[in-house]
Each structure stands twice: as structure tokens, then as C-alpha cells.
Amino acid sequence: MAPTSLTKDLKRKRGDGEATEEAPRPPYKQRVLVLSSRGISQRQRHLMNDLTGLLPHAKKDAKLDSKHQLPLVNELCDLSSCNNALFFEARRKYNDLYLWAAKAPNGPSIRFHVLNTHTMDELKMTGNCLKGSRPIVVFDKQFDESPHFKVIKEVLMNIFAVPKTARRAKPFVDHVLNISIADGKIWFRNYQILDIPPADTEAPTSSSTGAKGKAAKQDGPKMSLNEIGPRFVLQPVKIFEGSFNGATLYENKEFVPSSSVAGAYKNARASKYKGRKGQQEERKVRKEEIDGGKIENELETRSVFA
Amino acid sequence: MSSVQKKMLTKSKKAAKAPQPALKASKSKPLPDESSDEEGSDAEVLLQADDDDDEDEDDESSSDESEDVTEEALERMMTLLGDVDAEQLGLGGEDDEDEEEQSGDEDEQEGSDDDDDDEMNEEEIEKMLMQQGSDDDEEQEQDDDEEDIEYENLSADEDGDIVPVERTTVNDKAALERVLASFKSDTTFFDTLTLTNPKSLAITDPENDLERELEFYKQALWAAQHAETLFSAASLPFHRPEDYFAEMLKTDAHMSTIRQSLLDESAGIKASEEARKLRDAKKFGKKVQVERLKEREKEKKEVGKRLESLKKKRKGADGGFATTEDFDIALEDAISGNPSKKRKVVESERGGRGKRGGGAMSRRGRDSKFGNPTTSRRPKENNDKMDGDAFAGRGGRGRGVRGCE
């Protein structure tokens with residue numbers, strides 16, 4: 001399938017005097033504003049920096065002072081002429097990180113709960129890529145199956161897919177961003193594309209002795225992937241109609257905020273004591289009903305020192 | 001409305017009884033006086049409640065006024081509440097936390113339930129409503145017939161109020177589609193380099209890390225290959241050429257640290273394997289050594305046995321050996337542990353004549369006598385035995401020594 005942009009260019013070159021069938025599309029431009037709230041921890045900050053490095057069309061901004069005036073982000077976006085925002089909201093109490101992905105002026109915004117973060121610094125992430133190269137972004141099939149996932153896909157695509165017009169974008173395709181859905185959560189992976197077949201491919205021995213000859217005759221994959229990082233899991237919490245404001249369009253049933261998890265744990269432990277005390281009260285009542293409040297021995301200690 | 005009222009009143013009675021254990025003691029005495037009333041009369045009283053307000057109040061002012069609520073107050077409350085759904089208030093299903101107490105107090109109640117016939121403490125009502133209001137969203141079976149079943153279903157540690165709640169969440173699909181249409185941009189593959197996997201991921205268990213990561217890897221690999229074909233179809237460069245140097249995401253220093261750690265890991269694995277091999281070999285070697293020691297001990301024992309037998313033979317039958325030479329040979333054989341068959345045959349056949357001759361020893365005899373010099377026992381010597389010096393008694397002594405060995 002030849003891309004339509006190329007065919008359009010060809011048409012113009014042929015010197016068609018007529019107007020093309022489609023109205024000229026506005027060029028695809030995206031810019032992302034990346035910022036965080038105060039109280040962000042070191043690991044979370046590294047994650048934010050890693051993501052900023054991955055996105056050459058992103059601009060990093062200073063920390064946002066208050067968590068309760070989020071619509072300020074819209075103004076900041078306007079100032080830096082960004083039409084997307086990635087806001088890292090850190091909740092210090094439970095060491096949570098929430099990620100807001102928003103289309104700045106009036107588009108929808110999505111709040112995610114970030115889990116299982118691994119930054120690029122980890123020694124298990126052995127891959128490397130050009131800083132600013134445009135990635136291949138691949139989405140899971142499940143993203144097209146429900147309307148809320150469709151919205152999420154579109155927003156994430158606008159943020160993570162680097163447009164051609166980005167100033168710091170480099171040529172050549174170096175890495176793949178994999179965004180999949182499992183267990184109702186969104187899993188993000190970043191792999192480097194290597195032109196070498198993987199080490200353990202079983203190539204059928206052929207008559208030609210050269211290694212290249214062997215590779216050419218292989219049916220197996222001619223490229224392999226190395227994880228670069230970062231890697232994290234996003235659990236969508238809510239989708240809002242506006243950018244950091246507006247009506248709730250979607251709420252995730254399975255999301256349990258950390259405060260209720262902690263509260264439930266505390267309640268479970270407290271109910272033991274409550275139960276015991278309740279039983280003691282019951283026993284008292286029953287005893288009184290049985291005894292009828294009569295005092296057997298008036299000189300008994302219990303009644304004297306009642 | 002009336003049935004609801006009745007239910008509320010009966011409930012409240014039970015509720016009123018349970019949290020007031022302290023007062024029960026005082027009430028228990030005056031109770032039997034009013035046992036004349038029955039449950040059935042309650043309904044009548046209630047039905048006439050609208051008409052006979054004042055009468056009711058006068059009749060039942062015998063009990064403490066402070067904790068009673070008049071019929072009027074109850075009615076006012078009912079009107080304020082408006083349409084009351086019996087289910088919502090949880091009146092049909094008995095799943096209050098007081099239920100256990102109520103069932104325990106069942107016996108007492110029948111004797112004393114007429115205490116507060118139509119009167120309820122206003123606070124009691126509110127408290128009850130609060131408890132039941134929290135059950136707003138629950139799915140309930142409200143038949144009184146199912147009381148028993150419900151009680152049994154309650155687990156011992158489960159609080160009666162806590163029922164699994166189906167949270168009503170927002171999922172406005174139409175609005176989502178509308179919003180999507182409003183901001184969706186019309187792009188081609190080469191604008192965004194975005195692909196969607198046509199096959200769905202086969203993740204059966206998200207907890208199984210290996211499987212899950214493998215699926216992600218496969219999806220990413222498919223995407224890379226597909227993109228490559230698209231790029232080559234459009235004759236655009238895809239792979240980074242070897243000589244293209246530019247800033248990378250991770251610094252060279254970091255990459256060398258990674259490489260170093262990989263090398264260290266593999267070296268560590270090798271070292272541990274070597275150590276394990278050595279350990280195993282050592283164990284094996286130890287086994288071998290132990291076995292050899294055991295064998296030597298066995299041999300010594302056998303030599304001892306043979307010597308014993310030889311001694312007995314010598315003592316017993318003098319003519320067993322033709323010459324001392326033969327005896328020596330036999331001794332040697334006993335010590336060495338493997339007598340040659342040849343010798344034995346010769347010994348037995350011989351009629352008493354064996355090898356003679358002053359110095360005509362066998363090869364073996366000469367070897368054991370003259371080969372392998374030791375420092376003290378038999379150092380190298382090149383002395384003339386005829387000289388008659390310190391070696392005078394040596395021959396006999398040596399012989400004697402060897403004989404008595």
C-alpha cells in the first residue's frame with residue numbers, strides 16, 4: 001500500500017491544474033509539554049527524564065506547585081505552543097504516581113495510575129538507540145475494540161509517535177514502542193531493532209559456507225530486538241471530556257485507589273478488636289439477663305466495689 | 001405505607017432493645033405487667049393511628065417518656081421521607097448488624113415486646129436509617145421467608161452491613177465516540193509510523209512474566225518487520241548505517257558499564273561451574289583414595305594370614321621347603337600376595353632338590369635385595385665383604401632379619 005502522501009505529491013508534480021480530490025490536509029504537528037508536580041521521587045523523576053529523551057518533540061517544564069489547580073497546565077501548554085501534555089502527578093503518601101495524558105486546549109484528558117516502573121538505567125536493559133529517532137509505535141488489537149480504548153489509543157499515539165516535522169528528529173528507524181493491553185492495563189515496552197538474527201535461530205546447514213549466505217537462506221527473522229527501556233504499566237483511572245477538567249466520560253471499575261486499599265487493611269485488623277469487644281458486651285448482657293441483677297452475697301467484693 | 005410502618009416499628013423495637021443493655025435490667029421487672037398485649041394488636045393500633053393519635057399517646061405513656069417517640073412523630077417522619085421503598089431500607093431482609101443480638105433476644109422479646117408498642121425513640125429511627133442507608137446499592141432478597149437463609153449465608157467474620165457493592169461507574173460510549181471524532185487527526189503511516197497488530201495477543205495469564213514478555217516481543221518484532229517492508233516499498237531508508245554517528249539515548253560510559261556487568265555475570269557463572277567441577281572431582285578423588293586405603297588394609301591382612309600359614313607349615317613339617325631359598329621365595333610370594341603358579345608347581349614336584357648355589361638368586365630376589373636403595377636400611381654400598389670389617393655379621397643378620405620378618 002503506497003502511502004497517500006507520496007501519491008499526492010506525484011499528482012502535483014504531474015501538473016494537474018485541477019484541485020485534488022481531498023482538501024490539503026494540515027501537516028501533522030504535535031508538541032508535548034512534560035512536567036511534574038512537587039513531591040516526585042527519584043525513580044519517578046528518572047522515568048520522566050527517560051520519556052522526555054524518547055520524545056524529541058517534547059518540552060520539559062518546571063514543577064507545578066499545586067495539585068489542585070491542574071487547569072494551569074493548559075495555560076502553560078499555550079505558552080509553549082504545545083498541543084499535548086504529559087503531567088506526572090506524584091502522591092507522596094502512598095508513593096503513587098499518576099500520569100495525565102491530555103490534548104491541551106480542549107481535547108480529552110486521561111488519568112493513569114503508573115505501576116511497575118523500570119527506568120532505562122537498569123542493567124538488564126541492554127539496548128540503545130539514537131536520541132530522537134522516530135519510533136515505530138505498535139498498538140494491540142484490543143485498542144480498537146472499545147470506545148474508551150480508542151480514545152486512549154489516539155491520545156497515546158499523538159504523544160508517543162514522533163511527527164516528521166519535529167525539529168530534533170533523526171532519520172532512520174531505530175526502535176519500536178510496543179503498547180499492549182493485558183489484564184485491563186496498558187503495558188509499555190521499548191525495543192531496539194537490531195539487524196542481526198537472534199543468536200539461537202536454528203539455521204539448516206546449507207552448502208554455502210559464508211555466514212551471510214546462511215542468513216539469506218534462513219526462513220527465520222532477520223532482525224532481533226533488545227529492550228532499551230523504560231518500561232511501565234498504566235492503569236486508566238478516568239477519562240475526562242476536557243483537558244484537566246470537564247465531565248467524566250469513563251471510569252475504570254477495577255481501579256482501587258491506594259487509600260482504600262490501606263483503609264481496608266486497617267479495617268480488617270480493627271474488626272478483630274471490634275468483634276472481641278462486641279462479644280464481651282453480649283456476654284455481659286446475657287449474664288445480666290441470667291442473673292437478673294441479683295446479688296447473691298452482699299459482702300461479695302464485686303458488689304461492694306461495684 | 002402502613003406495612004412499611006409496621007416493619008419499621010418491629011425493626012426499631014429490636015434495634016431499640018439491643019443497644020440498651022443497661023436499661024434492660026430496670027425494665028425487666030415492669031415488663032410482665034404488659035404482657036397482655038399481643039403482636040396482632042399492633043396492627044390494629046397502627047391502622048387506627050391516623051385517627052386515634054391522642055388516645056394512643058395517653059395509653060402508652062406508662063413507660064418512660066424520655067425515650068419514646070410518639071406516633072405523630074413517626075408519621076411526620078414518614079411523610080418527610082416520602083415514598084419509602086421497603087427494599088431500600090432493608091426492612092424485608094434482616095441483615096442488620098443487630099441481627100445476631102436480635103436472634104439472641106428472641107425469647108425475651110416475646111414476653112416483653114409490648115413495652116414500646118408504637119413508640120420509637122427518634123434517635124433510634126435515625127440510627128437505623130443510617131445503617132440501612134448504606135446498603136443503598138446492594139442487590140437484596142427482601143422476602144421475610146428468606147430470613148433463615150440469609151442468616152446462614154452470613155459468614156462468622158463478615159459484618160452484616162458489608163455486602164458486595166456493584167459500583168456504578170461512568171462509561172459514556174456515545175460521548176467517547178463523539179470526542180474521538182472531534183480530535184482524531186487524519187494521518188498516514190509515514191506521518192506517525194503507527195501500526196496496529198492485526199492478530200490479538202495470546203496472553204492467557206498476565207502473571208506469567210515469560211509468556212507475557214514473549215508476546216510483547218513478538219508483536220514488536222512483527223511491527224518492525226512490517227514497517228521495514230513498507231519502508232522498502234517506498235524506498236525510504238530504514239536501518240541505521242554503520243557509519244552514522246550521532247547522540248544516543250544512553251551514553252557510551254553507561255553502555256560500557258552494561259557490557260562490563262554482562263561479562264562479569266558470565267565470568268561468575270564460569271567460575272562457579274569450575275568450582276563445582278573441582279568439588280566433584282575432589283569428592284571423587286577422595287573416594288578413590290579411600291578405596292585404595294581399604295584395599296591396602298585388606299592386602300596386609302591377607303599377607304598376615306599367609307605368613308601365619310607359612311609359619312605353621314614350617315613348624316609342622318620340616319621338609320616342606322627344600323632350602324631356605326625356597327622358604328624365602330615362598331615368603332616373598334606370601335608378602336607380595338600373588339604367588340606364581342610356576343613356583344608352586346616346582347616346589348611340589350621337587351624331590352627335595354632346589355636351586356643351590358652361593359649367589360644364584362632369582363631375578364626377583366636380586367631386585368628386592370639390591371634394587372631401590374634406602375638411606376638407612378640398605379644404602380648404596382660398594383664394599384668388599386671379604387674385608388671383614390663392620391659388615392661381618394651383616395649377611396647372617398640380614399638373613400636372620402629377613403627370615404624373621
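Chain letters run A, B, ... following the sequence lines, proteins first, then strands; residues in each count from 1. Here the structure is a predicted model, which is why all the values come from computation and not from measurement.
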Using a cut-off of under 4.5 Å for heavy-atom pairs, which of [options] has the most such pairs with chain A?
| options | value |
| --- | --- |
| B/Glu177, B/His239, B/Lys184, B/Lys173 | B/His239 |
| B/Ala174, B/Ala175, B/Pro241 | B/Pro241 |
| B/Asp172, B/Thr196, B/Val179 | B/Thr196 |
| B/Leu180, B/Thr194, B/Thr187 | B/Thr194 |

Just by modelled atom types, is the [Y] backbone N or O under 3.5 Å from a matching donor or acceptor in the [X] side chain?
| X | Y | answer |
| --- | --- | --- |
| A/Asn178 | B/Phe216 | yes |
| A/His148 | B/Leu176 | no |
| B/Lys250 | A/Ile228 | yes |

What is the distance from atom [atom1] of [X] to atom [atom2] of [Y], rounded to the nearest 0.5 Å?
| X | Y | atom1 | atom2 | answer |
| --- | --- | --- | --- | --- |
| A/Ile136 | B/Leu193 | CD1 | CG | 4.5 Å |
| B/Gln219 | A/Ser180 | CD | OG | 4.5 Å |
| B/Asp191 | A/Lys29 | CG | NZ | 12.5 Å |
| B/Glu247 | A/Ser133 | CD | OG | 11.5 Å |
| B/Asn171 | A/Ile239 | CG | CD1 | 8.5 Å |
| B/Thr192 | A/Gln30 | OG1 | CD | 10.0 Å |

Can you tell me which of [options] forms the most heavy-atom pairs within a distance under 4.5 Å of chain B?
| options | value |
| --- | --- |
| A/Arg286, A/Glu122, A/Arg231 | A/Arg231 |
| A/His175, A/Lys238, A/Lys150, A/Glu227 | A/Lys150 |
| A/Phe172, A/Phe139, A/Tyr250 | A/Phe172 |
| A/Val137, A/Asp50, A/Asn252 | A/Val137 |
| A/Thr165, A/Leu123, A/Leu177, A/Ile181 | A/Leu123 |
| A/Ala161, A/Gly275, A/Pro147 | A/Pro147 |

Residue list, salt bridge (Lys or Arg N to Asp or Glu O under 4.0 Å) with A/Glu145, at least two apart or on another chain: none

Less than 4.5 Å to any heavy atom of chain A: does that hold for the side chain of [X], its backbone, both, or neither?
| X | result |
| --- | --- |
| B/Ser182 | neither |
| B/Ile203 | side chain |
| B/Ala220 | both |
| B/His254 | side chain |

Please give me the minimum heavy-atom distance between B/Leu249 and A/Leu54, naming the atom from each residue.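 In this case the closest contact between B/Leu249 and A/Leu54 is CD1-CD2, 3.7 Å.
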
May I ask you to decide if the ring planes of A/Tyr191 and B/Tyr217 are parallel, tilted or perpendicular, using 30° and 60° as cut-offs? perpendicular

So if I take each residue of residues 125-132 of chain A and look for any heavy atom under 4.5 Å from a heavy atom in chain B, which residues do I end up with? A/Met125, A/Thr126, A/Gly127, A/Asn128, A/Cys129, A/Leu130, A/Lys131

Under 6.0 Å from the CG atom of B/Leu210, do we count more than 12 heavy atoms belonging to anything else shown? no

Within a 6.0 Å radius of atom CD on B/Glu242, are there more than 12 heavy atoms belonging to other residues, nucleotides or ligands? no

In terms of heavy-atom proximity below 4.5 Å to chain B, should [X] be classed as side chain, backbone, both, or neither?
| X | value |
| --- | --- |
| A/Asp144 | side chain |
| A/Pro135 | backbone |
| A/Lys253 | both |
| A/Ile193 | side chain |
| A/Val176 | side chain |
| A/Asn158 | side chain |
| A/Phe240 | neither |
| A/Lys153 | side chain |
| A/Met120 | both |
| A/Val155 | both |

Under the criterion side-chain contact (heavy atoms from CB on, under 4.5 Å), I'd like the reasoning laid out for B/Glu228 against A/Lys222: C-alpha separation, chi angles, the key distance, then a yes or no. CA-CA 11 Å; B/Glu228 193 188 16; A/Lys222 288 179 222 89; over 6 Å; no

All pairs passing salt bridge (charged side-chain N to carboxylate O under 4.0 Å, His left out) where residues 132-141 of chain A contributes a residue, at least two apart: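 For residues 132-141 of chain A: none.
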
If a pair satisfies side-chain hydrogen bond (donor to acceptor under 3.5 Å, both in side chains) and one of its residues is in residues 199-211 of chain B, list it, with sequence neighbours excluded.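 Checked against side-chain hydrogen bond (donor to acceptor under 3.5 Å, both in side chains) - neighbours excluded - the pairs reaching residues 199-211 of chain B are B/Thr204-B/Glu211, B/Asn208-B/Glu211, B/Asp209-B/Arg212.
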
Beyond-backbone contact of B/Ser185 with A/Glu154, side-chain heavy atoms, under 4.5 angstrom: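 They are in side-chain contact.
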
Determine, for A/Arg189 against B/Glu213, whether the closest basic-nitrogen to carboxylate-oxygen distance falls under 4.0 angstrom. yes

CA sep, side-chain torsions, deciding dist, call: A/Met223, B/Phe238, side-chain contact (heavy atoms from CB on, under 4.5 Å): CA-CA 12 Å; A/Met223 40 168 93; B/Phe238 187 75; 4.3 Å; yes

